[in-house]
Amino acid sequence: MAVGQSIPRVDAFAKVTGEAKYTGDLVPRGAYTAKIVRAPVASGWVRGFDLSEAQAVPGVVRIFTCFDVPDIQFPTAGHPWSTEKAHQDICDRKLLNTRIRVWGDEIAVVVARDRVSAARAARLVHAEIKAFPPLSTPAEAMAPGATPLHSEHPDNVLSHSQFHLGDGTFDEAAATPGAVVVSGHYSVPAVQHCHMEPVHSAAYMEGQKITVITSTQIPHIVRRVCGQALGIPWSRVRVIKPYIGGGFGNKQDVLVEPLAAWLTTQLGGHAVEIELSREEVTGCTRTRHAFDWDVQAAASPDGTLLARTYRAWSNQGGYASHGHAIAANAANIFKQCYRDRMSLDSESYTVYTNRPTAGAMRGYGIPQGCFITEALTDDLAYALGMDPLEFRLKNCVQAGYVDPHNGITMHSYGLAQALEKGRQAIGWDEKRRRYQNQTGPRRRGVGMALFTYKSNVYPISLETASCRMALHEDGRVTVQMGATEIGQGADTAFTQIAAESIGLPVDAIDIQTVQDTDVSPFDTGAYASRQTYVSGMACKMTGESLRGKILDYAAGMLERSAEGLTITDGQIVDETGQTVLTVADVGMESCYSLTNSRHLTAEETYHCEQNTFATGACFAEIEVDLALGQIHVLRLVNVHDSGRLINPKLAEAQVHGGMSMGLGYALSEELLFDDACKPLNANLLDYKIPTAMDTPKLEALFVEVDDPTGPYGNKALGEPPAIPVAPAIRNALLHATGVSVHSLPLTPQKLIEHFRAAGLLGGEGHV
Amino acid sequence: MYDIGRLYRAKDVDDALRALAEDPESMLISGGTDVLIRVREGKAAGASLVSIHELPELTGVRMEADGSIVIGACTSFARITADPIIQEFVPYLGEAVDQVGGPQTREAGTIGGNLCNGATSADSAPMLLALNAELTLQSAAGKRVVPVTDFHTGPGRTVRNRDEILTEIRIFPADFQGFGGQYIKYGKRAAMEIATLGCAALVKPAADRRTVASLRLAYGVAAPTPIRCAEAEALACGEALTDTLLDEIARTAAVHASPRSSWRASREFRLQLITELAGRAIRSAWTRAGGVF
């Protein structure tokens with residue numbers, strides 16, 4: 001069995017030795033460098049430029065401004081294209097923009113022979129700008145008289161959705177005898193992906209073909225958007241995606257690729273690269289959406305959840321990017337995790353503001369949705385005086401759940417098992433008791449949060465994936481996927497699936513890691529935790545197809561029927577268990593037979609019309625230093641119900657990475673802005689991702705329940721680990737101190753303010 | 001790629017002083033962990049740099065015949081922490097500079113650069129203030145000695161002139177013999193951090209080990225420059241180190257500090273840290289000095 005084994009990553013050696021090629025390794029020699037000139041305000045109009053000083057800088061090749069680019073608006077979200085106009089992404093930006101909508105908006109670009117010249121000239125581009133007061137929040141942007149960012153949306157509301165479930169109303173539920181009601185305003189900030197490799201693209205032309213080498217999760221979508229942005233047939237663009245140093249959703253957006261592609265067309269096809277600085281990546285690409293909520297919940301005295309209301313405002317920033325899909329997703333987890341016996345009212349707004357554009361980021365609205373769902377759940381359990389885990393077991397989603405709106409079904413259910421496993425691992429019952437009535441300056445608590453997460457984007461969007469395989473003379477098989485390795489280990493999982501489905505040892509599989517849209521099979525890319533579930537199925541189907549062809553050919557060689565023949569570990573075995581041929585024998589003969597040469601290849605598309613829910617939970621144990629406002633995380637345990645694991649060790653690593661991201665979201669990460677919407681901490685000193693020294697031992701546990709819809713029983717795992725960590729820590733703080741904090745991150749300054757208000761600190765700040 | 005207009009690598013201190021005099025736009029660079037950031041940000045783009053990086057005469061730690069410890073200004077943080085003299089006589093100074101940034105920054109960054117950068121958040125500054133260190137500044141005109149307590153004049157500003165080189169940092173035996181010390185750096189995370197607040201305590205018990213012979217308390221980021229807290233220190237002299245006294249010291253330190261609100265932290269939050277860290281640092285220093293509560 002190749003599936004289920006913890007084989008080493010297939011790219012481990014190349015990455016550790018530096019042999020692996022990234023975009024920066026593949027930029028053609030002599031390429032020009034392009035430096036984007038960024039708006040020094042967050043809202044306004046560019047009236048004109050004085051380029052005289054900049055053009056005089058030695059080394060400058062050309063300078064292009066927002067007045068030079070094609071008058072074409074295009075979308076950037078890494079969504080599958082829809083051939084129906086109503087479902088197409090919003091086209092609201094040009095290559096360079098005259099209307100400034102975010103601080104650092106792209107208003108001009110300097111092309112130079114080297115980076116120093118480009119940076120010098122960029123500083124000398126003088127723009128005449130008419131500035132408007134910037135709009136920071138949905139509330140400001142929705143206020144009467146607020147300046148519209150986009151003429152298509154005069155009220156700045158990008159989208160609005162609502163639904164009601166249940167036969168009653170919230171007020172009826174709240175009025176039932178003894179009902180316990182909680183309500184409040186909650187919020188989470190914008191955070192950034194902080195992928196290691198910055199945003200980097202290079203483009204050049206050969207004849208009419210524009211080649212773009214880029215660090216992306218979605219090469220086929222990048223090709224489409226470049227075609228749209230330049231107004232040219234899509235196949236004139238060829239996108240090459242080499243190894244990438246992380247994306248986490250930021251590279252599930254089309255970023256600088258269209259600009260690079262257009263620049264090379266303006267430079268006679270000369271190669272040009274754009275590499276963003278860390279500051280540009282952090283402040284001027286995409287963020288996770290900030291949210292504000294007003295919510296209410298009501299339960300009967302025995303802890304039965306009766307009703308909730310949910311009103312959300314998602315801060316989109318200046319451009320649509322992934323838009324309302326994020327807010328819709330956040331509202332979905334609020335709905336899906338719990339059973340409101342009487343009523344659920346849900347309403348969501350996505351609103352344009354002059355903050356940086358928010359887009360996709362690991363979890364796609366679900367980390368935000370999980371925070372509000374699970375903070376509210378704990379606050380309600382606290383008001384009921386009930387153990388929050390018992391409350392969850394009484395009210396959480398059950399096996400066989402079907403989403404009433406999109407029909408997504410929980411085809412396998414490991415949530416109850418996961419909760420029990422986490423409960424045991426953290427010592428829940430004993431610690432909830434032990435930490436109940438603490439006094440003194442250091443207090444401990446345990447908290448938890450659960451989640452659900454779907455395994456792809458069906459039926460909201462198209463799900464399609466394809467794979468191609470070829471058998472070689474020595475019996476080895478080359479695998480080409482349209483799906484992308486972005487550090488998560490996809491190539492390794494596909495290698496195992498290919499080996500398993502054909503019947504070869506894993507070391508007989510050569511997976512091609514580079515996607516080249518001119519030759520690679522089609523796939524929409526790495527997002528939505530979809531690739532093992534969807535693309536893995538394409539890989540399995542292709543492997544089974546190739547296996548059938550190998551066996552047919554072998555049968556011909558053996559002058560017998562293929563029925564009863566199987567392939568095990570590269571051997572072709574008959575009914576009696578006897579090895580009758582090897583796959584290498586078939587590979588050689590099929591290439592060089594003088595009578596029947598037939599190159600054995602297979603290619604399959606998986607048109608996926610299936611989806612299922614992964615679930616899981618995080619359990620956290622913390623110690624709070626009251627006088628310094630510090631949370632020390634003592635233990636952090638994630639338990640995942642992600643179906644059958646293709647590679648348990650890789651799964652564990654995936655969970656570790658996600659937990660680290662969740663830890664930062666909980667304690668320290670937030671993008672800060674001044675009143676002009678200028679980012680204050682768009683760098684890795686002031687934007688606080690956790691270091692190794694801030695990270696406790698990360699414990700990853702699994703319950704492996706086979707899912708009937710996924711390849712080999714697998715379902716989503718890529719994004720889920722990041723989801724439940726922040727609310728679990730927040731709820732542990734509630735347990736430790738009785739203080740309910742309604743926002744992230746749980747910074748010491750914020751906690752000191754809360755502790756002081758709660759009377760936990762004496763007059764002088766002493767405990 | 002850094003936008004450096006000119007880089008001159010000086011052969012020795014005199015050569016560096018000559019180069020600084022020749023080009024009135026030039027500036028010194030040692031480890032580069034602050035200067036190169038300004039170059040990269042464009043604030044010092046095209047700079048003319050005179051490098052004193054790793055000049056042997058400015059590097060290393062030695063003890064003089066009178067027991068004074070002399071630290072060359074270009075000694076890296078990592079080297080100071082690992083130095084046997086530092087470890088034996090002023091280990092708390094080695095610990096303080098071991099809080100700077102991460103391993104790479106501590107290998108490159110120097111204690112002299114840390115002071116001359118003039119930041120109130122410099123991790124070496126509070127402990128050097130507590131130690132009453134003396135700084136030697138050399139220029140073409142000669143040498144002058146400045147107490148570190150008089151060195152800082154404002155945010156990013158010191159008494160050092162552009163054409164002066166800080167050559168050495170001197171600590172006298174009377175300022176460390178019998179003392180225990182503790183520097184606490186408070187940041188938003190445990191490494192790769194700039195201090196939200198830094199607190200250095202040096203304390204010497206009297207012969208009875210119960211009363212305080214001398215207390216020194218210094219802070220970074222409690223004011224626009226690193227500061228000593230004379231009023232708080234005076235309270236401890238000759239007294240037993242009780243909880244009540246520690247509270248009073250902490251309160252007094254907070255009264256005399258003048259932290260600012262910035263987006264990095266509010267004044268109120270910094271005052272809370274000033275109050276809380278004083279007690280923690282003094283307690284730890286006291287225990288290390290062999291004091292008894």
Side-chain angles (χ1 to χ4, degrees), chain A residues 33 57 114-120 122-124 275 277-279 441 625-630 632 663-664 667-675 678-681 683-695 745-753 755-756 761-767, chain B residues 1-5 33-34 37 39-43 45-46 99-103 105 121 184-197 199 243-244 246-255 259 261-280:
Chain A
T33 188
V57 172
D114 62 86
R115 293 185 180 200
V116 167
S117 308
R120 285 181 174 176
R123 282 195 295 273
L124 295 171
E275 182 179 23
S277 68
R278 177 61 60 184
E279 291 82 350
D625 183 335
L626 290 176
L628 294 184
Q630 281 178 324
H632 300 283
L663 187 68
L667 297 180
S668 57
E669 291 185 38
E670 63 182 320
L671 280 168
L672 299 166
F673 302 89
D674 66 11
D675 291 342
K678 179 183 174 182
L680 291 165
N681 61 339
N683 61 68
L684 291 181
L685 172 61
D686 295 312
Y687 181 88
K688 307 290 183 183
I689 57 174
T691 70
M693 290 173 69
D694 300 291
T695 307
L746 306 168
T747 60
Q749 180 171 315
K750 184 188 289 180
L751 295 191
I752 290 289
E753 288 161 9
F755 295 160
R756 190 164 281 148
L761 302 177
E764 295 298 328
H766 286 279
V767 175
Chain B
M1 207 183 265
Y2 285 86
D3 187 351
I4 295 169
T33 55
D34 289 306
I37 289 170
V39 170
R40 187 177 171 282
E41 286 172 345
K43 290 174 190 161
Q99 302 284 305
V100 173
T105 307
S121 56
I184 299 177
K185 174 178 183 167
Y186 186 96
K188 292 176 184 170
R189 59 186 173 195
M192 309 295 289
E193 189 53 293
I194 183 170
T196 306
L197 200 93
C199 176
D243 285 350
T244 317
L246 283 169
D247 282 354
E248 206 183 333
I249 290 169
R251 263 199 304 274
T252 307
V255 167
S261 277
S262 75
W263 59 267
R264 287 196 169 93
S266 68
R267 171 181 162 81
E268 292 69 28
F269 179 56
R270 287 199 167 105
L271 284 170
Q272 169 72 17
L273 296 177
I274 289 165
T275 310
E276 185 61 28
L277 293 183
R280 295 191 189 198

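In what follows, chains carry the letters A, B, and so on, assigned in the order in which the sequence lines appear, proteins first and then strands, with residues in each chain numbered from 1.
Looking only at distances, a side-chain donor or acceptor of Gln272(B) sits under 3.5 Å from a matching main-chain atom of Ala627(A). Side-chain atoms of Asp3(B) never come within 3.5 Å of backbone atoms of Val116(A) as a donor-acceptor pair (strictly under, hydrogens ignored).
Arg115(A) and Glu275(A) are joined by a salt bridge, as a carboxylate oxygen and a charged side-chain nitrogen come within less than 4.0 angstrom of each other.
Taking CD of Glu279(A) as the start and OH of Tyr687(A) as the end, the distance is 14.5 Å to the nearest 0.5 Å. Here the CD1 atom belonging to Ile37(B) is positioned 7.5 Å from the CG atom belonging to Leu685(A), to the nearest 0.5 angstrom.
For Tyr186(B), the part lying under 4.5 angstrom from a heavy atom of chain A is the side chain only. Residue Leu672(A) touches chain B through its side chain alone, counting heavy-atom pairs closer than 4.5 Å. Contacts between Arg270(B) and chain A at a heavy-atom distance below 4.5 Å are absent for every atom of the residue.
At most 12 non-hydrogen atoms from other residues, nucleotides or ligands lie less than 6.0 angstrom from NZ of Lys678(A).
For chain B, the option among Lys688(A), Met693(A), Glu753(A), Gln630(A) with the highest count of heavy-atom pairs below 4.5 Å is Lys688(A). Counting heavy-atom pairs closer than 4.5 Å to chain B, the top-ranked of the candidates Asp686(A), Ile752(A), Asn681(A) is Asp686(A). Highest contact tally toward chain B, considering only Thr691(A), Leu667(A), Leu680(A), is held by Leu680(A) [criterion: heavy-atom pairs under 4.5 Å]. Most heavy-atom pairs under 4.5 Å with chain A, from the set Gly279(B), Ser266(B), Gly101(B): that is Ser266(B).
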